Structures are given as structure tokens and as C-alpha cells.
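Below: the structure, in C-alpha cells.
From a predicted model like this one, the values you see are computed outputs, not experimental measurements.
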Protein chains: 2
Amino acid sequence: MATIKDVAKSAGVSIATVSRVLNGSANVKQATRDAIQRTIQELNYMPNALARGLQKKQSKTIGVLFPDATSYYFAEIIRGINTCIQQAGYRIVVSSAHDAADEANVFLSLWKSQQVSGMIVMMPSTHNATIFNSTQRSIPLILLNTAITDGADITITIDNYQGAKEITKHLIEHGHQAIGFIHGAPNNHDSEERYRGYQDALNEGNLTRSSHLEFHGNFTENSGYRAVISLLNQSEKPTAIFAANDAMAIGAVEAARQLSLQVPQDIAIVGFDDISTARYINPPLTTMNVPVLEIGEMAGNHLIRLLEDNRQVVTREITVPVHLVVRESCGCPKEK
Amino acid sequence: MATIKDVAKSAGVSIATVSRVLNGSANVKQATRDAIQRTIQELNYMPNALARGLQKKQSKTIGVLFPDATSYYFAEIIRGINTCIQQAGYRIVVSSAHDAADEANVFLSLWKSQQVSGMIVMMPSTHNATIFNSTQRSIPLILLNTAITDGADITITIDNYQGAKEITKHLIEHGHQAIGFIHGAPNNHDSEERYRGYQDALNEGNLTRSSHLEFHGNFTENSGYRAVISLLNQSEKPTAIFAANDAMAIGAVEAARQLSLQVPQDIAIVGFDDISTARYINPPLTTMNVPVLEIGEMAGNHLIRLLEDNRQVVTREITVPVHLVVRESCGCPKEK
DNA sequence: ATAAAAAATGTAAACGTTTACATTAAAACA
DNA sequence: TGTTTTAATGTAAACGTTTACATTTTTTAT
């Protein structure tokens, strides 16, 4: 593999000059520049990213850290990040963490080994706030959808609270009085915020909440299924259910069918996320749409700006609005 | 950020000794080793991956290259790869390419800049075979699902041909005589192989094929939709349709409904991939299941072996079997 | 034509590691 | 005890770049 030395020798100049044309320095004669360019082509030379990174102290690589499970958001966010990152000459290294402890490890090792110039971390679990301490961190960090509002340069959070409130209100407008809630995984920030929204919507609608109307799931379809079985197996039955995500809502619909209940006539069910499956199930699921791709793009763009302009790092919190997608599972009439 | 020098000074030894404990060399006194370990902890030291990679000529990073669009396979394959790769101390850098030219660029730049010690490339487009020339390539390469059988160390391909044949035969067994086919994107290897399987199944079933029964889509739901509209708008109508992937099959089902045709009574529709949505649509889609996660794991494992054992690189072609998932869109009765 | 200023190029140190080789310390043997 | 063998540590070069500084070449002004 050709090195800068080979190019220099072959072009009859010093490596410094080659380096200068590589980095677009102004002070090099056009003729020399051309000759070197030609040699580079001939030798098929490409600078060693490791050597360059070592010298310049930056790897042109950004780390993306995900919780293990979340395969739904995953692909789209990566795709969003990649679009902007790639054309700025950066690469993405992805890692996933099994649990909070693992997350800290991966984060630290990525950072301390200087493998990344910046990081985008998605961490909906509410533990672990301290790792991101900005006083000792030297690279820009963007936190996605996390409970932590401090320590990162930018946090991007979807508006779980408003979204949940809105969709719950929608159910209230349908006349429901007993609205159930299926929690997501414990200690999950998204789930907690959605719960807050749900509660406040009930309060503002003067409905009393009751723990009999709640079930603790874990975001999986199966837990949504179990939730409905359990909720409807008691005297105080909900007439509508808001599941903290679509997967659970889908499981809930399944369970309702199993119990020979019509959705939405006998029980209305809504979710959150607007995953691609949501519009295909029967009945099509009313849910809150989360602009996942855009979130990825936003994160990528902001990080690039932080990295390139290395301007004043202003801690900023961005809240991404979500929007209600009315389909049929809430009781609204079919579209066309 | 602490360097090996800081550790050496602080522990009162030379950097060579520190390096030795870092790399687990046998020749270092236990007492010294302990002292150094302690210092490492204290200083929170972690070796600079760039410097190490530069010196060792390997980055402990593996490149994963995807075509831009394929967001379905994407997430699962990454996840599969990541599981094995991560515990072997490697990282994944993902890149996507818009088109074949771009693909070549990304491949070459990743490789030539020594950013990766190995690559996993997914390239279903049939162009571009030459870049992977193994004679001038120095890093292990695994090709996923590609037309190219030469140049890579290992190729992993899903058994499109057999799968397509099997599902087509299934339609034939239902008594269908006029079975339509919806092609995927042009020059796509998966699509072509599935077409081959379809053809051979027809032949073996003594059915004549007809270009009137074929439509050229591009793997999107929308193209499946248009396919059905077009196929059913002619005199020679199919009674069953095999779409080269599930997305198109779903579009096809949609279109059938639009035309007030019952699936499967009026027209049977089957797909390929078994994407998560397949079982939720109405009627649930009969399709071929592709073990995507397993393919990712397989690729990761093989690459690690290639990298670590650096044993004889034997060119191997692995074909991954797929299996028929019978649901209702083919005309089979409901399960339970 | 000559001196001064500006532009182009070269030299060498640095980035943080690993490792071959040289040196010193400890253990084994006589 | 002194010699030889073995184990532990140190020295310094190398990996492929970038860049401050020194040097040479070219241009401009006189």
C-alpha cells in the first residue's frame, strides 16, 4: 500500500509538500500541485486515516450508541445520521449496550481510546446520568431521548408528554371514561413521560385515574397482550386503552380479538410511535407519529456543526413534536 | 488525557514495560504488573486506538457497507454482526452507498485508508464485480447476498432460487394455472434469482409462462400496487401473484382490495422476506422467511475467524436456506 | 543589477503506540 | 564464590501523517 513517502519520492518532492496538497494548503506552485495529484492517481494513494487521526487528534468518526433492543428506531436513526455525516467526511461507528453498566463501558472506551470525535447516544433508561459529565469530557455529545438534561451539548427529545396527552384527549373526546394505560419498560424515560401525559389528560378531563386501569409492560407485543388479558379480567374494565408504544398496542389488539371483543366498538386501543406495521393491522392503529428519520438527520447535522465550527458549545435542548395519526382503532370512522 | 508515558512515569517504569502489561506479555514481574495496573486505574488510562492501530497495522474495526435503501435488512444484520464482533473487541463502522459507483468509492476509501481490518458488504446489485479483486485486496471480505461469487473470501447468499421455487409450487398446488410475478429492482441479484425459481417451478409444473403475467417493479410497496392494477387490467389475468418481496406483495394486496377483489379467493398473493408486517396485514401474508439476524451473526463470526486465526483463506460460498411461512394470502385455511 | 519581500519547498519533531535489540537483575549451577 | 543461564526491564526505531520552522527560490522594488 502506497504511503505519502512513496508519493513524495515518485513525484520528486518532500513529504511536506505532498501533505500540503493533500490538505489544500495555498502555498504550493500549481505545476507541483498538478504533478503530485497525478502521482497520487498513479499510485492509487490514499492517506492513512489512523496516522492522520493520531497526528491531528481527531478520527473523523462519530460513535453512535444504542440500547441493545431498540431495533425499531435503530435503522432509521442511523440512516438519518449517516446522510449528513457521510458527506462531511465522517463515518459512523455503532455500538450497542446490553444494560446501563455496559453502556457506560462502551461510552468510556469509545471516548477514551480516541476512536471517535463525537458521540450520539440514545439512552432511554433513566440510570447512569453521571458518565456524561461535561467537565471532563472533551468531545461533543448529543443525547437522544433521554432523561438526562445535563452534561450533553445537545439533547434531542421527542415530545412524549404532549403526544401522550393529545392522544389520551382524543380518546376522551370519543367519550371514554375508563381509559387504561400500558406502561413500557420500567425506568424508561419515554414510558414515564408518556404516562405523565396520560395522567394530565385524565386530570384535565376530570377523570379519576385508578391503578386498576394500569398495567406494567415492557414494550413488547407480548406484554401488551398480557396487559389486555389482565385488565379485562377484573370488575373495573377500561373501555379504551393507551399503550405506551405500538408494539404493545398491537399485542393488545390481538388479545382483544382473542377475547372476542371488537376493536374499537367494544374497546378502543391506541399506541405511540407509528411503526410501519401500525397502518396494516386490523383495525389500522391510531397512534402518535414520531419522525425518526428526521431526528437522526437533526442529530447528525448538529454534531457536524459542533465538530466543524467548533464554536461555543451552548447546551441546548430540542424537543421534537409528534403528531396524531388518526386511523380506526380509536373509533374514528374509516377514511375513504 | 493520560498516555502511556504518563503511566510509565507515574509507575516509575519505562513505556515498554507498560506496553507489555497492556498486551499481556509474560515477561514482567508480578509486582511490577500489579503496580502498573494500579496506576492505569488511577489515571483512568486507556490506550489510544489510533496509535495502536497505526503501529500494529490493524484497526480492530470492521466496515459494513450497505446499499442506501435497504432499511429492512439493515438493522437486523447490523445487530447480528454486532453481537459477535463486539465481544471480540471489534467495532463496526457502517456506510451506505447510493449507487454502484458510490459503492466502489466507499469500499475503496474504507479499505485504502486502513480504517477497517475487514469488511462485510451487502451488494445485491449485479454491477461492479471487479472492485473486489482479491489479488490486490489485503483485508478479509465477506459478501452478502450478491451475484459475485469470486473475489471475496466468503459469500453468504440466501437461497432465493429454492425459496422462490418452493413458494411458486405452493401456489401451483393450490391449483393456480396463471401465476403472475412481480420483479424487484432491475439488475438486482435477489430479484433475478427469485425469478429463476419462479420460472423453473412453472416449468416443472408444466405451466407456460407469459410475459403478460410479469410486471417490473422496484421492491417498493407502491410498485407492487401498480403491478396489480396493470396485471389485472388486461385480458390474460393471473389468479395468483408471487411478488419478489413482501413490500410489493403488500402493495399488491392493497391494490386488489381497491379493485374489490378478495384475497385469496379472487386472487392469491404471496411475497418473500417475511418482514415483520407480513403477519399483520389482512389477510396475513404467506411468504418465505429469511433468517436475517442469523445471517448477520454468521457473517460476523466468519469474519472474526478470518481475522483472528488468519488461517488459510478458503473461498467459501454459503447458502442460507429459507422456509415457507404459510399464512392465509395463498388460500390456505386460517390456522386456529 | 541588487536588495528586500514574498512564495515555495524542505527538515525534523511530534502524535502514542509496539517491538527488536540491548542491557541489567535475578536465579541456577559449578 | 564466580560463572552461566534466564528473567525483567530499558532504549530507540518504526508506523504514516502534519506542521512549525528553516531554507531556498522567485518576484518585486529600487
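- Residue contacts for Asn27(B): at a heavy-atom cut-off of 4.0 Å it reaches a base atom on one of the strands shown.
- The side-chain heavy atoms of Arg91(A) and Ser109(B), taken from C-beta on, include a pair separated by under 4.5 Å.
- Minimum atom distance to the side chain of Ile15(B) is reached by dT18(C), of the listed dG16(D), dT9(D), dT18(C).
- In the set dT9(D), dT17(D), dT19(C), dT17(D) carries the atom at the smallest distance from any side-chain atom of Tyr45(A).
- To the nearest 0.5 Å, atoms CG (Leu43(B)) and CG (Asp6(B)) are separated by 6.5 Å.
- Looking at the side chain of Ser14(B), the nearest of the listed nucleotides dT19(D), dG10(D), dG16(C) is dG10(D).
- Relative to the side chain of Ser19(A), the nucleotides dT9(D), dT18(C), dT18(D) differ in distance, and dT18(D) lies closest.
- Among the nucleotides dT18(D), dT18(C), dG10(D), the one closest to the side chain of Leu22(A) is dT18(D).
- Of the candidates dT11(C), dT17(C), dG16(C), the closest approach to any side-chain atom of Leu54(A) belongs to dG16(C).
- The residue among Ala2(A) and Arg20(A) whose nearest nucleotide of DNA chain D is located toward the 5' end is Ala2(A).
- Comparing dT9(D), dG10(C), dT18(C) by their closest approach to the side chain of Asn23(B) singles out dT18(C).
- Contact annotation: Thr32(A) reaches the phosphate of dT9(C) (side-chain N/O to OP1 or OP2, under 4.0 Å).
- In this model, the phosphate group of dT18(C) is not approached by any side-chain N or O of Lys57(B) to a distance below 4.0 Å at OP1 or OP2.
- Rounded to whole Å, atom C1' of dT17(D) lies 15 Å from atom CD1 of Ile36(A).
- One interatomic measurement links the two molecules: CZ of Arg52(A) to P of dT17(C), which rounds to 21 Å at whole-angstrom precision.
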